[in-house]
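All values below were derived from every heavy atom in this structure, side-chain atoms included, with hydrogens, water molecules and symmetry-related copies excluded. In this text, all values refer to a predicted model and were calculated from it rather than measured experimentally.
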Amino acid sequence: MTAATAHRRRHWTRRPNPLAGLGSVVWLVVVIIPIYAMISTSLTRQDESLGNALDPPKHPTLENYNTVLHSGFGHLLANTITVAAAVVAIVLVLCVPLAYVAVRTRSFWSGAAFRMFLLGVAIPAQAVVVPLYLMIAKLNLYDSLLAVVLPTAAFAMPVSTLILTGTLRDISEELYEAMALDGASPTRMLFQLVIPMSKGGISTVVVYSALQAWNGFLFPLIFTQSDGPRVLTLGLFNYVSEFGVNIPALLASVVLSGIPIFAVYLVARRALVGGLMGVGGK
């Protein structure tokens, strides 16, 4: 590359893009307005909550957050964290080796098994909820956290495997060959090469599967009944009664429940973006 070409390329990358800037501002407004309305309403007294959601609260109060924190929120949060952590652990333990085998094995049966596994992407949870209910009942898992963890992890695995497979394909073949010449076994390649170079894809899978578990509503609703295994999404019903809805307390609960998963995103955002771009975190 000549100096003139390099100069033109640097000039091109530095040239302002008003259209992209305008689009970014519009997208920021689209994202910020609902968040502002949610937080503003959560600071509003219940008798003032039916006004314009964009108006700042006339008498700001933290009473709604106090109500949420003294209504079993800690128990709901602990259950949700347990479910999310278990789902992430199961997905990583199963999907990383599965994607590794799918990428490194060239046999017909391996490819057929991988394609069959990915059919799970096309199967909605609502279509199999009755067989799942019968299976959970037969295994005596009904009304337990395990009844939520297992199907949630199962439905997160197809997309997670697809993400990890794309990430692993970005790893250079020469690196595999170099480790093979050193006498490395497939297991050693998995732990010393594949996992360290797949941080982007793994971070993407962690955030994706954690979100699936954190926001899950169908499986906790169908497979649990008592207050013991109740999670945050079901806990929102605490503020809904036959006489009305405590909107400020409901939104305060949503705000509090979104903080932990947002913190996870902040920690993994760099690797997450890299994984979504298909660069494998390299």
Using a 4.5 Å cut-off on heavy atoms from C-beta on, say whether the side chain of [Y] contacts that of [X].
| X | Y | value |
| --- | --- | --- |
| Tyr176 | Met189 | yes |
| Ile90 | Leu150 | yes |
| Ile171 | Ser198 | yes |
| Arg230 | Thr224 | no |
| Met38 | Val254 | yes |
| Leu69 | Leu256 | yes |
| Phe237 | Leu234 | yes |
| Asp143 | Phe223 | no |

To the nearest 0.5 angstrom, please state how far the [atom1] atom of [X] sits from the [atom2] atom of [Y].
| X | Y | atom1 | atom2 | result |
| --- | --- | --- | --- | --- |
| Thr204 | Lys199 | OG1 | NZ | 14.0 Å |
| His59 | Thr44 | NE2 | OG1 | 11.0 Å |
| Ile163 | Leu168 | CD1 | CG | 12.5 Å |
| Asn246 | Thr67 | CG | OG1 | 7.0 Å |
| Glu63 | Arg45 | CD | CZ | 11.0 Å |
| Leu146 | Ile136 | CG | CD1 | 7.5 Å |

Smallest separation among heavy atoms of [X] and [Y], with atom names:
| X | Y | answer |
| --- | --- | --- |
| Ala122 | Pro124 | O-CD, 3.4 Å |
| Thr161 | Thr165 | O-OG1, 2.7 Å |
| Trp214 | Ala84 | CE3-CB, 4.1 Å |
| Ala156 | Ser160 | O-OG, 2.7 Å |
| Pro220 | Gly216 | CG-O, 3.7 Å |
| Pro248 | Thr41 | CB-O, 3.5 Å |

Discussion item. For the CG atom on Leu19, are there more than 12 heavy atoms of other groups (residues, nucleotides or ligands in this structure) within a distance under 6.0 Å?
Written reply: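 Count not over threshold, so no.
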
Worksheet item: CZ of Phe191: more than 12 outside heavy atoms within 6.0 angstrom?
Response: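 No, because the 6.0 Å sphere around CZ of Phe191 holds 12 heavy atoms or fewer from other groups.
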
Item to complete: Take Leu164 and Val103 through the side-chain contact (heavy atoms from CB on, under 4.5 Å) test and state the conclusion after the steps.
Response: CA-CA 10 Å; Leu164 289 171; Val103 170; over 6 Å; no

Hey, is the main chain of [Y] close enough, under 3.5 Å, to the side chain of [X] for a donor-acceptor pair?
| X | Y | result |
| --- | --- | --- |
| Thr80 | Leu232 | yes |
| Ser257 | Ser253 | yes |
| His75 | Gly228 | yes |

Worksheet item: If you look only at pairs with a residue in residues 173-188, which of them pass as a salt bridge (Lys or Arg N to Asp or Glu O under 4.0 Å), with sequence neighbours excluded?
Response: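 Residue pairs passing salt bridge (Lys or Arg N to Asp or Glu O under 4.0 Å), neighbours aside: Arg104-Glu173.
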
Fill in: Short side-chain donor-acceptor distance under 3.5 Å, Ser42 and Tyr65
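The criterion, which ignores hydrogens and geometry beyond distance, is satisfied for Ser42 and Tyr65.
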
Worksheet item: Are Val128 and Phe155 close enough, and set up right, to give a side-chain contact (heavy atoms from CB on, under 4.5 Å), and what steps lead you there?
Response: CA-CA 11 Å; Val128 295; Phe155 276 89; 3.4 Å; yes

Fill in: Cluster link Val205 to Val101, ILVMFWY, side chain under 4.5 Å
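No; tracing contacts between hydrophobic side chains, which count when under 4.5 Å, never links both residues.
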
Worksheet item: Quick one: do Leu181 and Met179 end up in the same hydrophobic cluster if we chain Ile, Leu, Val, Met, Phe, Trp and Tyr together by side-chain heavy atoms under 4.5 Å apart?
Response: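 Unlinked, Leu181 and Met179 end up in two clusters.
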
Item to complete: Assess whether side-chain contact (heavy atoms from CB on, under 4.5 Å) is satisfied between Val206 and Leu92, documenting all intermediate values.
Response: CA-CA 8 Å; Val206 167; Leu92 289 181; 3.8 Å; yes

Practice prompt. Under 4.5 Å between side-chain heavy atoms, chaining through other members, with only Ile, Leu, Val, Met, Phe, Trp and Tyr counted: pull out the rest of the cluster around Ile32, sorted by chain and number.
Written response: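 Leu28, listed by chain and number.
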
Worksheet item: What do the steps show when you test Val231 against Leu76 for side-chain contact (heavy atoms from CB on, under 4.5 Å), and what is the final call?
Response: CA-CA 5 Å; Val231 295; Leu76 299 174; 5.9 Å; no

